[in-house]
Amino acid sequence: ELEQAENMEALSLSGYDEDDAFHGDDVLFPGGYGQLIDGLAKSLDIHFEQIVEKISYGTDRVTVTSNGTNHTAHRVVVTLPLGVLKGGAVGFFPELPDAKLQAIKRLEMGILNKIAMRFPDCFWPESTHFFGMLGDSHRDVMNIVNMTPHVEQPILVALTYGEYARTLEMVTDFEMVSTVLKDLRTIFGSGVPDPTAVAITRWNSDPFALGSYSHIPPGASPEDYDIIEEPVAQRLFFAGEASCRRYPGTVHGAY
């Protein structure tokens, strides 16, 4: 459930774990994934704060409309997250082929959120990678990642997924952190201090994401990733994790 970012009843057994293994070590980027973006963006002419409203394509060109302004090109790479494609906030003219629309409809977006907390000092085993607390139900379980070995700071990141993550997005930051602290104080005792800094994601309610990454629900199949990847009229090309059958739900898949 954690890897797929969704509860079991929303996952397809026949489509589960169909992605390929990606060779090499598991690594973290203490400076953030922004380092990759900064490297890829060098020398590119990027227009910021442009909210795309529609993409019109014909036999010889594509017009992208953002903030009421038209941008024309010979070809366009569409990297909209699956959640945005499903939500229909960006219109395509003419409409995308029915096979692609149905594939977009069949695949779903999971939700995995992070609650990052910096504490005055470590009150947990500093070499432990992950820990958590078993409960009466798997519905409200959090996995906690120890970031201390990687960033040399007393930082923990709680991971929530599926319906529980969606529910927590509806509460305040204070309430969300209090939920994590309740678990931590059950594990380590009442002396666990409040965090000195907090950073929280809310991917499900982010209008530019509408979820974290894709998964295969009942009724969908791995072939749907191939359909989403297919170009349209040799003018529209699709990228992003939901267009990569081999490595969906990953940064290397999107790359």
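The model shown is predicted, which means the values in this text are computed figures rather than measured ones. Throughout, numbering of the chain's residues begins at 1 and tracks the sequence.
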Shortest non-hydrogen separation from [X] to [Y] and the atoms involved:
X	Y	answer
Pro120	Pro193	CD-CG, 3.9 Å
Val232	Pro97	CG2-CD, 3.9 Å
Pro81	Ala209	CB-O, 3.8 Å
His215	Pro217	O-CD, 3.3 Å
Lys86	Ile104	NZ-O, 3.0 Å
Ile187	Met133	CD1-CB, 4.0 Å

Ignoring hydrogens and angles, tell me if any N or O in the side chain of [X] forms a donor-acceptor pair with the backbone of [Y] under 3.5 Å.
X	Y	answer
Thr72	Thr63	no
Lys54	Phe92	no
Asp206	Phe208	yes
Asn113	Glu169	no
Arg235	Thr59	yes
Asn7	Glu163	yes
Thr201	Lys114	yes
Glu241	Gly253	no

Looking at [atom1] of [X] and [atom2] of [Y], how far apart are the two atoms once the value is rounded to the nearest 0.5 Å?
X	Y	atom1	atom2	value
Phe123	Asp121	CZ	CG	8.5 Å
Asp183	Ile144	CG	CD1	6.0 Å
Leu82	Tyr213	CG	OH	13.5 Å
Ser212	Trp203	OG	CH2	7.5 Å
Glu126	Glu152	CD	CD	10.5 Å
Thr160	Asp140	OG1	CG	11.0 Å

For side chain to side chain contact (heavy atoms under 4.5 Å, CB included), just list the numbers for Ile115 and Val157, CA-CA rounded to whole Å, side-chain angles, deciding distance to a tenth of an Å, and then say yes or no. CA-CA 5 Å; Ile115 307 165; Val157 180; over 6 Å; no

[X] [atom1]: over 12 foreign heavy atoms closer than 6.0 Å:
X	atom1	answer
Phe188	CZ	yes
Arg185	CZ	yes
His129	NE2	no
Leu13	CG	no
Glu53	CD	yes
Glu230	CD	yes

Do [X] and [Y] come within less than 4.5 Å of each other through their side chains, counting heavy atoms only?
X	Y	result
Leu96	Phe238	yes
Ile216	Ser14	no
Glu229	Phe237	no
Met117	Ile200	no
Ile55	Val90	yes
Trp124	Asn146	yes
Asn143	Phe131	no
Tyr255	Cys244	no

Would you say [Y] and [X] are linked by a side-chain donor-acceptor pair, where the criterion is simply a distance under 3.5 Å?
X	Y	answer
Ser214	Glu108	no
Asn67	Thr69	no
Asn70	Thr65	yes
Ser66	His71	yes
Glu175	Ser178	no

Plane angle bin for Phe29 and Tyr33 - parallel if under 30°, tilted between 30 and 60°, otherwise perpendicular: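 Ring orientation of Tyr33 relative to Phe29: tilted.
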
Leu2-Leu134 co-clustered via ILVMFWY side chain contacts under 4.5 Å: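 No: no chain of side-chain contacts under 4.5 Å links Leu2 to Leu134.
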
Between Tyr225 and Tyr247, ring centroids under 6.0 Å: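 Distance test on ring centres: not under 6.0 Å, no.
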
Under a 4.0 Å N-O cut-off, is there an ion pair linking Asp226 with Arg246?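 No salt bridge links Asp226 with Arg246.
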
Salt bridge between Glu6 and Arg166, side-chain N to carboxylate O under 4.0 Å?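 Yes.
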
Take Asp173 and Arg202, measure what salt bridge (Lys or Arg N to Asp or Glu O under 4.0 Å) needs, and give me the verdict at the end. CA-CA 10 Å; Asp173 288 3; Arg202 282 183 167 84; 2.7 Å; yes

Residue pair Arg75, Val62: steps toward the side chain to side chain contact (heavy atoms under 4.5 Å, CB included) verdict: CA-CA 6 Å; Arg75 294 173 180 83; Val62 184; 5.5 Å; no

